[in-house]
Amino acid sequence: ALCGITLPAAAGAAHAAVTVETIGYKQGDTALEGWLVYDDAATGRRPGIVIYPAWWGPSAQDKEVAERLANLGYVAFVADIYGKGVRPETIPAAAAESGKYYHDRAVVLARAQAGFEQLRQSARVDAGKLAAIGYCFGGMPALDLARSGAPLVDIVIFHGALATPTPENAKHIKGHVLALHGAADPFVNAQAVAAFEKEMTDGGVDWQVVLYGGVMHAFTDRVHVRVPDKGLKYDAEADQRSWQAMTDFLRSTL
C-alpha cells in the first residue's frame with residue numbers, strides 16, 4: 001500500500017533525496033491515506049513529526065511542509081483524519097466535513113493515534129523524539145493526541161483549533177506546546193486563546209503562545225481560497241516568522 005516518489009533535495013546535499021511514500025492504513029474499518037516523507041540519504045534513526053492537516057484534508061501544501069521538514073533532518077508523516085479520498089475542495093464542503101469531527105472527539109483521537117502510530121513504527125524514526133504539528137482543524141487532533149498522554153516531546157499549532165470539552169486532560173500533556181496564532185483570527189478569537197492559556201497553565205504544561213498582530217486565520221495557507229472579509233487570509237510575513245519560530249523550537253527541544 002505504498003509507492004515511493006523521489007524528489008531532489010536542496011542544493012548542497014549532493015546525494016540527499018527526499019522520498020515521499022504514499023501509505024495506506026486503517027483506523028477501525030476506515031481506510032486512511034497519508035504520506036511518509038524522509039531524506040533517503042540520511043542514516044540512523046531521526047526525530048519524527050506527525051502533521052495534521054487543515055480542514056481540506058491532506059493537500060499539496062502539507063506534503064510540501066513534510067518535504068521541508070525532511071530537508072531539515074526529520075522524518076514526517078502527513079496523517080489523514082477524514083478517510084482515503086475525502087478531500088473537500090470548497091469552503092462549505094470543508095466546513096461540513098470538519099464539522100462532523102468537532103462533535104466526535106473519540107473518533108478524532110482514534111484517527112490522530114492511527115496516524116501517530118504510522119510515524120512511530122517507521123524504522124527510520126527515533127521513538128524517543130516525536131512531535132506533532134497541527135494546522136487549523138489539525139490543531140484539534142494534535143492537541144487531543146497530546147492530551148491523551150501520548151509520548152510527544154513537542155506540539156506545535158499553527159492558527160489551530162484550540163478548544164476542548166475536557167480541559168482537565170491537559171495535565172496528561174508530556175511535551176512542550178507552542179501555539180502560533182493570528183491576533184485578528186475571528187474563528188479562534190482572543191477569548192478562545194485565553195481559555196487555552198488557562199487550560200495549559202492549570203494543567204502545568206510548558207506552553208508558549210505567539211500572536212501575530214493584524215494577522216487572520218489560515219495565515220500559512222498559500223494554496224487554498226482566501227476570504228479576507230470572512231477572516232481567512234494568507235500572510236507571507238507571519239508564515240515565514242511562524243516557520244522560523246517552529247524550527248527554532250524543535251531545534252532547542254527535539
Side-chain angles (χ1 to χ4, degrees), residues 25-28 30 32 34 45-55 69 74-82 98 100-122 125-181 188 191-211 242 245-246 249-254:
Y25 64 110
K26 280 191 151 185
Q27 181 273 310
T30 302
L32 305 164
R45 292 178 179 263
R46 281 148 281 160
I49 302 175
V50 60
I51 300 166
Y52 296 104
W55 66 353
L69 289 169
Y74 302 104
V75 177
F77 183 73
V78 178
D80 181 9
I81 300 296
Y82 290 166
S98 63
K100 301 173 187 176
Y101 293 88
Y102 285 104
H103 304 296
D104 197 344
R105 300 297 276 259
V107 168
V108 171
L109 179 57
R111 300 272 167 91
Q113 289 169 330
F116 181 59
E117 288 306 318
Q118 288 300 311
L119 173 76
R120 187 153 64 161
Q121 71 191 21
S122 168
V125 170
D126 180 344
K129 294 183 176 180
L130 299 167
I133 299 174
Y135 287 88
C136 302
F137 167 81
M140 177 171 54
L143 285 166
D144 280 4
L145 181 68
R147 292 175 181 121
S148 76
L152 293 164
V153 177
D154 291 320
I155 304 96
V156 185
I157 310 299
F158 292 85
H159 43 81
L162 304 175
T164 175
T166 53
E168 63 276 8
N169 288 344
K171 67 178 180 286
H172 302 306
I173 295 176
K174 293 183 166 70
H176 317 278
V177 174
L178 172 63
L180 304 158
H181 207 75
V188 185
Q191 289 82 1
V193 173
F196 176 71
E197 292 174 352
K198 182 178 189 302
E199 177 203 350
M200 294 294 107
T201 299
D202 290 350
V205 179
D206 175 357
W207 65 271
Q208 301 172 59
V209 171
V210 179
L211 292 174
S242 61
M246 177 188 71
F249 179 71
L250 294 175
R251 197 174 295 118
S252 67
T253 53
L254 199 58

Less than 4.5 Å apart, any side-chain heavy atom of L250 and any of V153?
-> no

Note: A79 and G115 closest approach over all heavy atoms is CB-CA, 4.1 Å

For I155 and A142, which heavy atoms make the closest approach, and how far apart are they?
-> CG2-O, 4.2 Å

Would you say L180 and I157 make side-chain contact, with heavy atoms under 4.5 Å?
-> no

Check whether more than 12 heavy atoms from other residues, nucleotides or ligands sit under 6.0 Å from atom NZ of K171, and answer yes or no.
-> yes

So does D144 pair up with R105, basic N to acidic O under 4.0 Å?
-> yes

Short side-chain to backbone donor-acceptor contact, T164 and T166, under 3.5 Å = yes

Is it true that a side-chain atom of Y102 and a backbone atom of M140 form a donor plus acceptor pair closer than 3.5 Å?
-> no

Should H181 and V193 count as side-chain neighbours, where that means a heavy-atom distance under 4.5 Å?
-> yes

N/O donor-acceptor pair under 3.5 Å between S122 side chain and L119 backbone = no

Any donor-acceptor pair under 3.5 Å linking the side chain of H176 with the backbone of F249?
-> no

Would you find a donor on one side and an acceptor on the other, under 3.5 Å apart, between the side chain of K174 and the backbone of G149?
-> yes

Could you grab the distance from atom CG of L32 to atom NZ of K26, nearest 0.5 Å is fine?
-> 9.5 Å

V205 versus G175, closest heavy-atom pair with distance | CG1-O, 4.1 Å

Scan side-chain atoms only and decide if Y82 and R111 contain a donor-acceptor pair under the 3.5 Å cut-off.
-> no

Is there a donor-acceptor pair closer than 3.5 Å between any side-chain N or O of Y52 and the backbone N or O of A112?
-> yes

Supply the atom-to-atom distance K129 NZ to R46 CZ, rounded to the nearest 0.5 angstrom.
-> 12.5 Å

Interatomic distance, D126 atom CG to R120 atom CZ [nearest 0.5 angstrom] | 12.0 Å

Please tell me if the side chains of V75 and P47 come closer than 4.5 Å, counting only heavy atoms from C-beta onward.
-> no

Do the non-hydrogen side-chain atoms of Q208 and E197 ever get within less than 4.5 Å of each other?
-> no

Taking the six-membered ring for Trp, are Y25 and F77 ring centroids under 6.0 Å apart?
-> yes

Least distance between heavy atoms, H172 atom then R147 atom | CB-O, 3.2 Å

Point-to-point distance, once rounded to the nearest 0.5 Å, from CE of M200 to CG of D206 | 11.0 Å

Rounded to the nearest 0.5 Å, the CZ atom of F116 sits from the OG atom of S148 at a distance of 8.5 Å

Can you find a pair of side-chain heavy atoms, one from H159 and one from V188, that are under 4.5 Å apart?
-> no

Residue pair L130 / L254, side-chain heavy-atom distance below 4.5 Å | no

Please name the pair of heavy atoms, one in A54 and one in F137, separated by the smallest distance, quoted to 0.1 Å.
-> C-CB, 4.0 Å

Can you measure from CG (L143) to CG (L162) and round to the nearest 0.5 angstrom?
-> 6.5 Å

Can you name the one residue among T253, L178, V177 that meets side-chain contact (heavy atoms from CB on, under 4.5 Å) with D154?
-> T253

With distance as the sole test, does R45 use its side chain to make a donor-acceptor pair with the main-chain N or O of V125 at under 3.5 Å?
-> yes

Minimal non-hydrogen separation, V108 against P141, with atom names | CG1-CA, 3.8 Å

Minimum side-chain heavy-atom gap I173-W207 below 4.5 Å = no

Can you check side chain to side chain contact (heavy atoms under 4.5 Å, CB included) on E117 and Q27, steps first, answer last?
-> CA-CA 11 Å; E117 288 306 318; Q27 181 273 310; over 6 Å; no

Dump the intermediate steps for side chain to side chain contact (heavy atoms under 4.5 Å, CB included) on L69 and I51, then the final yes or no.
-> CA-CA 10 Å; L69 289 169; I51 300 166; 3.9 Å; yes

